[in-house]
Amino acid sequence: MDALITALIRAARSLVHPIILMILLVPMLIALAVWIGVGWAYWDTWTSVIQNAVVDHTTFAWAANWDMVRLASWIAAAVVLALLAPVVILTALLIATLFAMPVLVRHVAQSHYPDLEWRHGGTVIGSIGNALAAIFVFALLWIVTLPLWLLGPLAVLLPVLLSAYLNQRLFRYDALSDHADPEEMKRIFEFARGRLFLLGLITGVMYFIPPFNLVAPVFSALAFIHLCLAELESLRSTDAQGRGTRGWN
């Protein structure tokens, strides 16, 4: 838990650096601009399709006393918003991963881990493959679990859990790709799995809390960089001392 708190505190401090401030809002603002524009252009088309489907396929007796047109319009709007929300998050995270991550890793490494050796265990192809796999699983789970959102508390819990998965899966690879070798990356992903997911959960909540969601992609990236590089430093220190502390065996 100390490692998580340290990573979050250092990420918050890193946000005020001039270099970070220059790119802080870029991922989320671009994502919002793109998808608000798309939504504005196609909102009537998308909601009409869903609304008609609801009205045409609702033949149950319980619906007899309902204003089905109005109910269908509410359902259509909710479905479209539920589908747009993950797309906005995905777009912002991809922008942060592809364009901001190299700058953020360099900044954190130079500021906090200047003596950490660069072993370049990751590759561009590996980063792309990791991102595509993360997006595929996230999108599939989001769509599959949409019916569960009707079950009260799950409508709040599920998006946060899915964002936690996406956060840790996207950022952990790129956070370590420059400094760790493949074996080190594998060991950290395995033995720090709980800490990585918990950090993904904490930062994932930010995506649903305005105005924190505007800085969430960059803050999440910074937090994962701090945590992953700290884990790597600890791993190498343990290996050098020949001890198996913290489970590094």
Side-chain angles (χ1 to χ4, degrees), residues 4 7-8 11 23 26-28 30-32 34-35 82-105 108 120-146 148-149 154 157-208 212-229 231-232:
L4 288 178
L8 290 168
I23 61 175
V26 171
M28 186 58 76
I30 292 177
L32 286 172
V34 169
W35 290 106
L83 291 174
L84 280 177
V87 175
V88 171
I89 294 174
L90 278 174
T91 304
L93 287 176
L94 278 177
I95 294 171
T97 301
L98 296 177
F99 300 103
M101 202 67 171
V103 177
L104 300 179
V105 170
V108 172
H120 303 287
T123 63
V124 174
I125 294 177
S127 179
I128 294 173
N130 177 71
L132 291 176
I135 290 170
F136 175 79
V137 174
F138 172 81
L140 180 63
L141 290 176
W142 190 285
I143 294 172
V144 169
T145 58
L146 275 178
L148 298 178
W149 292 26
L154 287 179
L157 184 60
L158 284 172
V160 175
L161 290 175
L162 292 176
S163 296
Y165 164 80
L166 182 64
N167 262 352
Q168 60 89 26
R169 181 63 188 271
L170 267 181
F171 288 129
R172 68 184 188 181
Y173 183 93
D174 292 297
L176 290 169
S177 61
D178 285 334
H179 291 80
D181 62 37
E183 179 61 24
E184 289 172 331
M185 294 175 71
K186 180 180 178 182
R187 293 168 68 186
I188 291 174
F189 293 163
E190 179 178 355
F191 291 109
R193 184 185 299 115
R195 290 186 290 277
L196 290 169
F197 187 84
L198 184 55
L199 182 60
L201 189 63
I202 294 171
T203 54
V205 172
M206 294 179 62
Y207 293 106
F208 304 96
F212 298 107
N213 51 5
L214 294 176
V215 302
V218 172
F219 179 81
S220 299
L222 285 168
F224 274 95
I225 294 168
H226 278 289
L227 178 62
C228 288
L229 293 185
E231 295 285 347
L232 178 60

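Since this is a predicted model, take the numbers as computed values, not measurements.
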Does Leu161 reach the side chain of Leu141, with side-chain heavy atoms less than 4.5 Å apart? no
side-chain contact (heavy atoms from CB on, under 4.5 Å) between Val105 and His179, worked out: CA-CA 10 Å; Val105 170; His179 291 80; 3.9 Å; yes
Could you state the interatomic distance from CG (Leu170) to CG (Leu90), rounded to the nearest 0.5 Å? 8.0 Å
Straight-line distance of Thr203 OG1 to Gln168 CD, nearest 0.5 Å: 9.5 Å
For the atom pair CG (Leu176) and CG (Leu232), what is the distance rounded to the nearest 0.5 Å? 6.0 Å
Given side chains that start at C-beta, do those of Val88 and Leu32 come closer than 4.5 Å, heavy atoms only? yes
Point-to-point distance, once rounded to the nearest 0.5 Å, from CZ of Arg187 to CD of Glu190: 9.5 Å
So how far is it from Ile202 CD1 to Phe197 CZ, rounded to the nearest 0.5 Å? 11.0 Å
Side-chain contact test, heavy atoms from C-beta onward, threshold under 4.5 Å: evaluate it for Asp178 versus His120 and give yes or no. yes
Give me the atom names and distance for the closest heavy-atom approach of Ala223 to Ala7. O-CB, 3.6 Å
Tell me whether Glu184 contacts the main-chain N or O of Asp181 through its side chain, where contact means a donor paired with an acceptor under 3.5 Å. yes
On a heavy-atom basis, the closest approach of Tyr207 and Pro217 is OH-CA, 3.7 Å
Considering all heavy atoms, the nearest Leu94-Ala131 contact: CD2-CB, 4.3 Å
Here the pair of heavy atoms bringing Ala133 nearest to Arg169 is CB-NH2, 3.5 Å
Closest non-hydrogen atoms of Pro159 and Phe208, given as atom of the first, atom of the second and distance, are CB-CZ, 3.6 Å
Side-chain contact, heavy-atom cut-off 4.5 Å: Met206 with Val215? yes
Atom of Ala180, atom of Met185 and distance for their closest heavy-atom approach: CB-CG, 3.5 Å
Is the shortest heavy-atom distance from the side chain of Leu199 to the side chain of Phe171 under 4.5 Å? no
Short side-chain to backbone donor-acceptor contact, Asn167 and Leu201, under 3.5 Å: no
Do Leu104 and Ile23 come close enough that some side-chain heavy atom pair is under 4.5 Å? yes
If the test is side chain to side chain contact (heavy atoms under 4.5 Å, CB included), which one of Ile125, Asn130, Leu132 qualifies with Ile128? Leu132
Please determine whether side-chain contact (heavy atoms from CB on, under 4.5 Å) holds for the pair Leu93 and Ile135, giving the CA-CA distance in whole Å, both sets of side-chain angles, and the decisive distance to 0.1 Å. CA-CA 10 Å; Leu93 287 176; Ile135 290 170; over 6 Å; no
Pairwise distance OG(Ser127) to CE(Met101) - rounded to 0.5 angstrom: 8.5 Å
With a 4.5 Å heavy-atom cut-off, do Leu158 and Leu148 have their side chains touching? yes
For the backbone of Gly126 and the side chain of Thr123, can you confirm whether one donor and one acceptor N or O come within less than 3.5 Å of each other? yes
Can you tell if the side chain of Cys228 reaches within under 4.5 Å of the side chain of Leu196, non-hydrogen atoms only? yes
